[in-house]
Undergrad: 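Sharing a structure here in structure tokens format.
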Amino acid sequence: MGHYFSTLLNPGAHAAAAAEGEASAVVAVHSKESWNEHWTAHKNTNKLLVIDFSATWCGPCRLIEPTFKALAAKFTEALFVKIDVDELSEVSQQWGVQAMPTFVLVKGGKEVARIVGAKEEELKGKVAQFIA
């Protein structure tokens with residue numbers, strides 16, 4: 001129902017929502033092997049890696065997901081990865097994740113920033129800062 005009212009207020013929102021559902025620039029990682037492949041491919045590059053540690057049951061994670069997808073679409077020179085903490089708890093523990101959502105920004109194999117919580121403006125600012 002909320003979507004209906006949103007489309008009344010913003011007619012372009014329906015097309016954007018439909019396009020968003022078709023494809024996403026965010027890579028969902030579902031296995032330790034897949035994570036290791038992505039990590040190995042990017043740890044020695046200067047390309048920004050943005051990791052979203054979240055959970056399906058986490059309300060704030062769902063609220064900030066459209067922002068994360070929009071950033072991935074805007075900053076195509078970075079790699080945006082989503083990891084479910086319940087599905088890949090070992091990876092989450094390796095990164096010291098204690099709350100959701102947690103966004104970890106990595107460059108050259110080193111953590112350069114961490115945002116804990118659904119802090120949209122801080123996430124946007126950090127991605128823009130480290131993309132350069």
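This chain uses plain numbering: 1 for the first residue, then up along the sequence.
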Undergrad: What distance separates Leu79 CG from His42 NE2, expressed to the nearest 0.5 Å?
TA: 4.5 Å
Undergrad: Output the distance between atom NZ (Lys124) and atom OG1 (Thr67), rounded to the nearest 0.5 Å.
TA: 5.5 Å
Undergrad: What distance separates Ser89 OG from Asp84 CG, expressed to the nearest 0.5 Å?
TA: 10.0 Å
Undergrad: Can you confirm whether more than 12 heavy atoms, excluding those of Lys32, are under 6.0 Å from its NZ atom?
TA: yes
Undergrad: For Val81 and Val50, run side chain to side chain contact (heavy atoms under 4.5 Å, CB included): C-alpha distance rounded to whole Å, both residues' side-chain angles, the deciding distance at 0.1 Å, then the answer.
TA: CA-CA 6 Å; Val81 174; Val50 185; over 6 Å; no
Undergrad: Thr45 side chain to Ala41 main-chain N or O, any donor-acceptor pair under 3.5 Å?
TA: no
Undergrad: Start with the C-alpha distance between Glu87 and His30, add both sets of side-chain angles, then the distance that settles side chain to side chain contact (heavy atoms under 4.5 Å, CB included), and finish with yes or no.
TA: CA-CA 7 Å; Glu87 194 173 23; His30 297 287; 3.0 Å; yes
Undergrad: Decide whether Leu88 and Trp57 are clustered together by the hydrophobic rule: side chain heavy atoms of Ile, Leu, Val, Met, Phe, Trp, Tyr closer than 4.5 Å, transitively.
TA: yes
Undergrad: Looking only at heavy atoms, which two atoms of Pro60 and Pro101 are closest? And how far apart?
TA: CB-CD, 4.0 Å
Undergrad: Side-chain heavy atoms nearer than 4.5 Å, only ILVMFWY residues, links allowed to pass through others: does that put Val112 and Phe75 together?
TA: yes
Undergrad: For the pair Lys107 (side chain) and Phe130 (backbone), establish whether a donor and an acceptor sit closer than 3.5 Å, ignoring hydrogens and angles.
TA: yes
Undergrad: Hey, does the side chain of Arg114 reach the backbone of Thr102 with a donor-acceptor pair shorter than 3.5 angstrom?
TA: no
Undergrad: Do Ile83 and Ile115 share a hydrophobic cluster (ILVMFWY, side-chain heavy atoms under 4.5 Å, transitive)?
TA: no
Undergrad: Which pairs with one or both residues in residues 28-73 pass disulfide (SG to SG under 2.5 Å), sequence neighbours excluded?
TA: Cys58-Cys61
Undergrad: How many angstroms lie between NZ in Lys110 and NZ in Lys43, if you round to the nearest 0.5 Å?
TA: 11.5 Å
Undergrad: Evaluate the ring planes of Trp95 and Trp39, with Trp represented by its six-membered ring, and classify them as parallel (under 30°), tilted (30 to 60°) or perpendicular (over 60°).
TA: perpendicular
Undergrad: Can a salt bridge be assigned to the pair Lys126 and Glu122 using a cut-off of 4.0 Å between side-chain N and carboxylate O?
TA: no
Undergrad: Mind checking the CD-CD spacing from Glu90 to Gln94? Nearest 0.5 Å is all I need.
TA: 5.5 Å
Undergrad: In sequence, state the C-alpha distance, the side-chain angles, and the governing distance for Leu105 and Leu48, and then conclude on side chain to side chain contact (heavy atoms under 4.5 Å, CB included).
TA: CA-CA 7 Å; Leu105 284 71; Leu48 181 65; 4.1 Å; yes
Undergrad: Starting at CZ of Phe80, measure out to CZ of Phe103 and round the result to the nearest 0.5 Å.
TA: 10.0 Å
Undergrad: Under the side chain to side chain contact (heavy atoms under 4.5 Å, CB included) rule, what do Val29 and His38 come out as? Steps first, then yes or no, please.
TA: CA-CA 9 Å; Val29 177; His38 286 291; 3.9 Å; yes
Undergrad: Grouping I, L, V, M, F, W and Y whenever their side-chain heavy atoms are under 4.5 Å apart, do Val104 and Val27 come out in a common cluster?
TA: yes
Undergrad: Would Ile51 and Val26 show up in the same hydrophobic cluster when neighbours are defined by side-chain heavy atoms closer than 4.5 Å?
TA: no
